[in-house]
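Report on one structure; see the data block that follows.
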Amino acid sequence: MFVDPSRVARRLRVRGVVQGVGFRPFVYRFATSLGLVGWVRNDGGGVEIEIQGSEPVLDAFTQCLATEAPPLARVDAIEPEVIPPDLSRKDFAILPSVEGAVATAIGPDVAVCPSCLSELCDPDDRRWRYPFINCTHCGPRYTITRTLPYDRARTSMAGFAQCPGCEAEYRHPGDRRFHAEPNACPACGPQLSLFEPHGVRALARDPVAETLRRLKLGEIVAIKGLGGFHLACDASRAESVARLRARKQRPHKPLALMCANVPSAAQWARLSAAEAASLESPERPIVLLGKQSSFDGALPGVAPGLDEVGVMLPYTPLHYLLFHEAAGRPAGTGWLADAHPLVLVMTSANPHGEPLVQGNDEAFERLGEIADVLLMHDRDIVVRCDDSVLRVRPDLPAGPWEGNGGGIQFQRRARGFTPLSLPLPDDGPAVLAFGAHFKATLCLTRGREAFLSQHIGGLDNPAACTALDEAAEHLQTILSVRPAALAHDAHPDYYSTRAALALAERLEIPAIPVQHHHAHIAAVCAEHRLDEPVLGLAADGVGLGTDGMPWGGELLYVDGAAFRRLGHLSPLPLPGGDRAAREPWRMACGVLHALGRGEEAIARFASRPNVEQVLGMLLRGTRCPPTTSLGRWFDAAAGLLGVCEDMTYEGQAGMLLETLAHRFGACLPLPGGYHIDTRAETGLSVLNLYPLLMQLVDENDAARGAAHFHATLIEALTQWVDDAAHVTGIRSVVLAGGCLHNRLLSAGLRHRLQARGLAVFEAQHVPPGDGGLALGQAWVARASLRQGVI
Ligand SMILES: [Zn+2]
Ligand SMILES: [Zn+2]
Ligand SMILES: [Zn+2]
């Protein structure tokens with residue numbers, strides 16, 4: 001054969017999320033279409049390509065590799081190398097994968113793609129109404145994978161041998177299912193079945209049709225999903241929602257909804273184009289949306305007292321089949337353009353705050369008392385992974401590495417995003433960080449990447465602690481990384497701290513304690529790759545301070561591994577200790593006492609049998625530890641305004657207050673609502689908010705009080721930060737901590753601080769609260785190691 005003397009050759013190393021996403025067949029088709037010869041293969045570094053042809057064509061190929069890549073691929077880098085041409089090569093081939101060091105990442109679980117969806121609704125397709133349809137562009141990944149490299153034998157699909165039809169698709173480089181590891185069809189793949197609560201198979205010819213019938217009767221259905229089970233009911237049936245709440249012992253916490261599509265969601269919630277795009281993104285997060293005015297009348301009990309509701313669209317083929325059934329099993333996907341009336345409550349099945357239910361036997365045991373019927377299947381869930389929750393914030397800039405992700409802020413980062421890495425500014429040792437106590441997540445660094453685990457939850461029960469241990473092990477396994485150091489919260493009693501210390505001893509590596517609020521600020525520094533000193537405003541619930549006190553409203557100077565406390569909120573008493581953090585009326589008593597009006601508490605909280613006892617504690621100063629937490633100032637205000645006396649879920653008082661303030665609308669800060677003083681003995685700047693609460697004590701309009709509280713607090717915090725900026729000369733401000741989940745506070749602070757000429761940074765791609773803390777811990781630990789502090 002004639003060989004063109006102008007033929008040149010290159011080897012390309014492609015890094016990023018390039019395995020298990022249809023990248024090799026894409027390269028094969030693309031190279032073949034350009035008449036190039038060579039090969040492509042997976043290896044420990046990602047994908048390796050060798051191409052030969054004329055120079056301009058090679059250039060075009062290289063340039064288009066990232067832009068034309070399949071939807072789930074993420075190309076982080078292409079490193080070309082010129083090599084001598086191999087004249088014996090006549091075609092382009094996909095070579096077997098190279099075994100060896102694994103340094104690549106598995107993709108997250110993503111929603112069923114449009115091609116699979118149209119097959120699902122095509123009565124002539126062999127996968128018509130098959131609930132486990134998938135291809136290389138969609139389906140489960142992370143939650144079915146035991147270890148890398150990602151191939152079927154290492155997933156929970158290993159037990160399902162492919163039929164000849166599926167096998168042919170899997171082997172054919174031109175097929176959409178070439179090396180789609182979970183590839184399956186009704187003949188060879190997982191199957192659905194419906195069970196009564198105690199494990200007896202339900203009498204049903206068609207599990208999907210029967211599930212829908214039972215939902216419409218008002219029953220509660222446990223539905224096995226990707227990373228766990230959901231508890232579902234018809235959201236329009238108030239008595240079903242109430243029964244679900246009673247059985248789940250969750251009287252008020254907002255429940256998420258699932259609607260067929262954006263037009264259906266628009267019946268219940270107001271949504272912008274950006275919010276619609278987030279809902280429809282392949283990651284399919286729960287998006288927090290403003291309720292329509294008719295919402296609470298039509299869907300009472302779903303999100304009581306709040307003006308936002310979490311909504312998601314179907315993401316597994318099974319979810320789609322429920323809506324397809326409700327629409328009368330139409331052929332084709334035209335029905336997905338219309339609004340549909342079916343709206344389901346879909347809440348994670350994690351009874352008593354324990355981890356998500358994972359196995360089928362476990363489901364009978366733990367959900368048998370809650371669900372009336374269970375829709376199950378025989379594909380195992382290997383990794384628990386909750387739904388992600390985010391909010392679209394038009395005032396936020398686009399993230400530093402995600403062109404289309406700008407303006408979103410995570411409330412919970414899990415399914416669809418785990419285990420995608422966050423890029424770090426520089427290389428460094430592998431560090432595994434253990435998070436804190438609430439909303440636990442882990443973070444493992446590998447080179448320039450940080451991998452945040454899925455949301456694990458509060459570590460206040462043994463099952464959650466075990467889940468943390470398992471997630472730590474699994475993260476190390478799938479990333480094939482052994483940490484060189486561990487990082488943990490400075491609180492000695494947290495389970496996460498004890499787990500880190502035990503592992504450090506076993507591995508004989510250092511364990512680095514990181515102060516809670518230092519870690520909060522550092523997480524934002526890591527996300528925005530800030531390597532300069534910053535002013536950090538930690539607006540938080542609680543974290544142990546360096547003086548042994550519970551901190552949570554802190555102004556910090558942060559420079560990598562080092563931080564200094566510049567100021568704090570004036571302390572509030574916690575009458576009865578931790579109980580006060582769940583009972584805002586106690587915080588209100590503390591404020592009344594401090595204002596010299598303690599006696600008024602007796603009439604105000606007359607229904608409380610122990611109000612005199614609480615006042616006694618305050619008078620004697622016993623069992624009233626002080627805290628500087630901003631979260632407790634929110635609770636105190638909610639208690640004083642009669643908005644919330646007891647909380648049944650974390651953050652409830654603050655969320656109700658935020659909602660009232662939002663409904664009231666904009667207002668001016670109260671004059672004289674705060675003082676900023678420098679405490680002589682410590683030199684710290686203290687922001688005193690008692691004057692604000694003094695003005696709220698006699699407020700009889702809770703919404704107006706809530707609006708004044710927010711406006712004055714924002715003004716006070718802005719002044720406090722701005723003063724510190726003048727003293728230190730630092731112009732970069734980081735906002736972090738659990739209170740930043742409050743959109744009025746976060747947007748208000750951003751707006752006011754920017755107006756003073758300060759650069760403002762917030763958590764966006766990790767949650768601002770404790771769910772993002774592990775990233776900050778890892779970042780501080782790496783800085784400590786780099787600076788030789790450890
Ligand atoms: Zn697909
Ligand atoms: Zn098959
Ligand atoms: Zn915190």
Side-chain angles (χ1 to χ4, degrees), residues 436-438 458-460 489-498 513-520 538-556 565-598 601 605 608 610-640 644-647 650-654 677 679 681-682 684-690 692-694 737-739 769-770 773:
H437 181 72
F438 298 106
L459 301 177
D460 40 19
D489 196 89
H491 200 304
D493 299 333
Y494 286 167
Y495 177 78
S496 54
T497 301
R498 296 204 301 273
V514 182
Q515 197 278 326
H516 189 90
H517 303 102
H518 183 196
H520 268 310
D540 200 27
V542 67
L544 184 68
T546 51
D547 57 1
M549 304 307 288
W551 291 7
E554 313 301 319
L555 190 54
L556 305 179
R565 194 186 196 194
L566 302 176
H568 56 80
L569 297 185
S570 48
L572 280 174
L574 287 164
D578 285 348
R579 257 187 97 171
R582 297 189 299 273
E583 299 180 15
W585 75 273
R586 287 176 182 253
M587 298 307 301
C589 286
V591 169
L592 288 169
H593 168 76
L595 296 175
R597 298 171 66 168
F605 302 111
R608 297 280 165 180
N610 47 356
V611 61
E612 299 209 24
Q613 195 190 338
V614 164
L615 283 176
M617 284 193 267
L618 286 161
L619 280 166
R620 291 189 303 274
T622 51
R623 297 190 59 225
C624 289
T627 179
T628 52
S629 159
L630 179 59
R632 296 298 82 74
W633 279 96
F634 270 92
D635 295 352
L640 283 176
C644 179
E645 289 192 7
D646 285 290
M647 292 199 273
E650 200 202 332
Q652 183 181 6
D677 306 302
R679 189 162 284 183
E681 64 272 30
T682 57
L684 296 176
S685 164
V686 178
L687 173 59
N688 185 345
L689 296 171
Y690 277 108
L692 166 58
L693 292 206
M694 175 115 81
C739 298
D770 288 4
L773 201 75

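Given the structure is predicted, the values throughout are model-derived calculations rather than measurements.
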| query | When rounded to the nearest 0.5 angstrom, what distance separates CE in Met617 from CG in Leu574? | reply | 11.0 Å
| For Pro571 against Pro626, the heavy-atom pair lying closest together | CB-CB, 3.8 Å
| Main-chain N/O of Asp489 paired with Thr497 side-chain donor or acceptor, under 3.5 Å | yes
| Passes side chain to side chain contact (heavy atoms under 4.5 Å, CB included), Leu555 versus His568? Steps please. | CA-CA 6 Å; Leu555 190 54; His568 56 80; over 6 Å; no
| If you round to the nearest 0.5 Å, how far is CG of Asn688 from CG of Leu569? | 9.5 Å
| Could you give the distance from CZ (Arg679) to OG (Ser570), rounded to the nearest 0.5 Å? | 8.0 Å
| remark: Here the pair of heavy atoms bringing Ala490 nearest to Leu544 is O-CD2, 3.8 Å
| Using the ring of each side chain (for Trp, its six-membered ring), is Trp585 parallel, tilted or perpendicular to Phe605, with breaks at 30° and 60°? | tilted
| Would you call Arg608 and Glu645 a salt bridge, taking side-chain N to carboxylate O under 4.0 Å as the test? | yes
| query | Taking atom CE of Met587 and atom SG of Cys644, what is their separation to the nearest 0.5 Å? | reply | 13.0 Å
| request: Heavy atoms only: give me the nearest Thr627-Pro550 pair and the separation to one decimal. | output: OG1-O, 2.9 Å
| query | Salt bridge between Asp547 and Arg565, side-chain N to carboxylate O under 4.0 Å? | reply | yes
| Has the side chain of Ser629 got a donor or acceptor atom that lies under 3.5 Å from a matching backbone atom of Trp551? | no
| Is a donor on one side and an acceptor on the other found under 3.5 Å between the side chain of Glu554 and the backbone of Leu556? | no
| said: In terms of relative ring orientation, are His520 and His516 parallel, tilted or perpendicular, with 30° and 60° separating the classes? | reply: perpendicular
| request: Indicate whether any N or O donor in one side chain lies under 3.5 Å from an N or O acceptor in the other, for His517 and Asp540. | output: yes
| query | Do Leu692 and Trp633 have side-chain heavy atoms sitting under 4.5 Å apart? | reply | no
| Looking only at heavy atoms, which two atoms of Phe634 and Gly654 are closest? And how far apart? | CD2-CA, 4.2 Å
| Residues Arg586 and Asp646 bridged, charged N to O under 4.0 Å | no
| request: Measure across Pro575 and Leu618 and return the closest heavy-atom pair with its distance rounded to 0.1 Å. | output: CG-CD2, 3.9 Å
| query | Shortest non-hydrogen contact from Pro573 to Tyr690? | reply | CD-OH, 3.7 Å
| message | Quick check: do Ser685 and Leu566 have side-chain heavy atoms less than 4.5 Å from each other? | response | no
| Inter-residue atom distance Leu684.CG - Asp677.CG, 0.5 Å rounding | 12.5 Å
| message | To the closest 0.5 Å, what do you measure between SG (Cys589) and CD (Glu612)? | response | 11.0 Å
